[in-house]
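What's counted below: heavy atoms across the whole structure, side chains too, no hydrogens, waters or symmetry copies. Order of appearance sets the numbers: ligands from 1, and atoms from 1 within every ligand. Positions are given from 1 along the sequence.
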Amino acid sequence: MEIHELTAKETAKAIKDKKFSAVEAVRSSMARISKYDGVVNALITVLEEDALRRAGEIDALIARGEDPGPLAGVPYIVKDNFCTRGVRTTCSSHILENWKPTYNASPVNYMNAAGAILMAKSNLDEFAMGSSTENSIIGPTKNPRDLGRVPGGSSGGSAAAVASGYVPLALGTDTGGSVRQPAAFCGIQGIKPSYGEVSRYGIIAYCSALDQVSPLARSVEDLALAMEILARPDPNDTTCDGYARPKFSDATAMKDLKGCRIGVFAGFEASEMDSDLYGALTRAGDICREAGAVIEPIDLPIAVKYGVATYYVTALADASSKLGCYDGIRYGTHIEGATLADMYANTRTSSFSEEVRRRIILGACLLTEGFYQNYYGPALKVRTKMAEEFEDVFSKYDAYLLPTTPSLPYPLGTKETDPNRMYLGDVFTVPISLGGLPGLSLSMGFNSANLPLSVQIVGSRYGDSKVLGIAAALERLIGRPTVCDPRKLGEVA
Ligand code: GLN
């Protein structure tokens with residue numbers, strides 16, 4: 001196997017065993033980036049020099065017999081909404097296009113302290129608002145499994161980078177599906193942890209009540225390893241829970257699913273979604289049953305029927321107040337005007353894209369007298385009802401299976417101009433976010449046209465270990481995703 005095909009765990013072990021050096025791992029990562037990123041367009045900033053310098057330090061530690069940590073020398077990538085000290089952090093927006101934070105996001109510090117090496121910052125939909133990574137100052141990222149299609153979003157750059165073998169591990173953020181859906185579209189694994197597992201300190205907010213840092217990888221074991229490094233209390237983020245986390249890697253040793261009770265979503269007809277994805281859900285249920293689990297159909301009537309509406313009302317209201325800080329004074333781009341109000345208007349009108357402006361305006365509107373009572377208030381009530389529905393499910397089951405997405409990755413440019421169609425694609429991911437639950441998108445191989453299939457495994461709040469355990473047991477039976485050489489579907493690699 002070549003270096004770029006290894007998982008993060010295998011890479012760290014090989015570097016510690018001196019099979020190859022951290023510098024060689026970084027060179028291998030750079031070679032993939034140089035070869036493919038001109039076409040895939042997954043990265044906004046590449047940190048070659050910094051990465052090589054850091055790799056040299058890791059190699060020196062190993063030569064002295066010291067342990068650089070569980071991710072010794074493993075190249076990784078973060079989405080460009082993670083603050084990185086002295087390194088441009090754009091959020092894919094003109095408003096921050098030249099902004100350099102003075103500090104690192106906590107998750108970046110944790111990864112670095114574990115020996116991982118930051119290679120690059122990846123593309124996203126502006127301010128993490130979107131599902132296709134098309135709405136960006138650097139233009140769309142392409143799906144490496146078929147360059148004519150979207151990679152999903154908003155963490156599409158991180159997902160495409162992992163699928164293309166730039167790095168074995170990348171971080172994104174998932175508010176309503178932004179890691180699970182691109183993982184599904186790019187044929188890899190991704191987990192949104194329970195809300196409160198991982199610190200959001202230094203993550204540029206879209207909707208603080210739902211945003212969660214989420215890893216992407218080509219194996220469930222790597223997701224567990226990343227969780228072990230990322231999930232810990234942080235005094236800088238009061239929503240990051242203080243509880244003592246379990247050892248997530250232990251969960252992935254689960255050999256079979258005996259004694260597990262798993263619900264399989266049966267609230268949709270096959271005709272209401274892509275038939276191959278429906279088939280993948282059924283197959284995942286069958287595999288769980290063969291592995292010893294008790295499988296039963298479940299319905300989630302409130303979550304599925306009202307999830308999208310509830311999510312967009314609450315998320316947009318939150319976003320409109322979060323994005324108020326971009327006033328042309330404190331941060332980023334500043335465009336003059338005759339009066340202060342003109343300056344605000346000039347700066348914000350020309351620096352935010354149409355989609356971000358739409359969300360700010362809708363969100364502000366939802367918080368005004370009348371709209372608040374008719375929409376925002378009821379949305380909060382529906383969220384409570386949804387939580388009750390989830391509680392009821394978890395009183396009977398350890399986990400449940402749900403599709404990650406209702407559709408396969410679609411051709412570039414087909415939904416960008418139709419926000420409603422784009423939003424409806426989030427039907428299976430947003431309810432999980434509203435419940436604060438952990439959700440893992442697992443690769444289920446490919447359909448006959450070679451497009452990636454997936455299933456979502458959902459657990460109870462802070463039941464992340466169980467989700468990882470079930471995912472690892474399934475992955476052993478299905479096989480873990482491999483790296484692809486980016487290409488157009490039908491073209492021979
Ligand atoms: N697609 C959803 C949205 O546009 C989710 C985005 C996300 O999780 N950051 O809001």
Side-chain angles (χ1 to χ4, degrees), residues 78-82 91-93 122-136 140-141 150-159 170-186 190-195 198 200 203-216 307-320 322-323 352-363 366 379 383 403-407 409-410 415-441 456:
V78 294
K79 186 174 176 178
D80 209 21
N81 61 348
F82 284 64
C91 247
S92 276
S93 181
S122 61
N123 199 16
L124 63 150
D125 287 297
E126 185 176 352
F127 280 97
M129 297 174 180
S131 312
S132 65
T133 317
E134 294 176 287
N135 187 25
S136 159
T141 294
V150 301
S154 62
S155 309
S158 284
L171 303 183
T173 53
D174 188 315
T175 306
S178 275
V179 154
R180 288 163 286 161
Q181 185 255 22
F185 275 17
C186 292
I191 183 173
K192 182 196 83 72
S194 298
Y195 185 80
V198 183
R200 292 179 297 104
I203 307 302
I204 298 176
Y206 158 23
C207 164
S208 303
L210 301 173
D211 297 341
Q212 197 60 194
V213 168
S214 307
L216 297 126
V308 171
T310 308
Y311 167 82
Y312 277 94
V313 169
T314 47
L316 267 47
D318 199 340
S320 80
K322 289 291 151 354
L323 271 62
F352 288 130
S353 66
E354 191 186 336
E355 178 61 17
V356 174
R357 289 202 306 274
R358 175 175 16 250
R359 292 189 186 211
I360 292 173
I361 292 167
L362 275 172
L366 285 163
R383 193 176 170 186
T404 308
T405 64
S407 75
Y410 41 86
K415 291 199 190 172
E416 205 190 3
T417 50
D418 186 348
N420 276 329
R421 272 181 70 210
M422 185 86 89
Y423 301 166
L424 287 173
D426 300 335
V427 59
F428 298 124
T429 47
V430 293
I432 312 313
S433 302
L434 290 165
L437 311 176
L440 186 152
S441 183
Q456 186 180 193

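- Under the side-chain hydrogen bond (donor to acceptor under 3.5 Å, both in side chains) criterion, D211 pairs with T175, not counting sequence neighbours.
- The minimum heavy-atom distance between S154 and T133, with the atom names listed, is O-OG1, 3.5 Å.
- Rounded to the nearest 0.5 Å, atoms CZ (R359) and CG (D318) are 12.5 Å apart.
- When all heavy atoms of K79 and T173 are compared, the closest pair comes out as NZ-OG1, 2.8 Å.
- Of all the heavy atoms in L216 and A183, the pair that sits closest is CD2-CB, 3.8 Å.
- Protein residues having at least one heavy atom under 4.0 Å from any atom of ligand 1 are A128, M129, G130, S131, S154, D174, T175, G176, G177, S178, Y206, Y311, Y312, R359, D426, listed by chain and number.
- P409 approaches V150 most closely through the heavy-atom pair CB-O, 3.7 Å.
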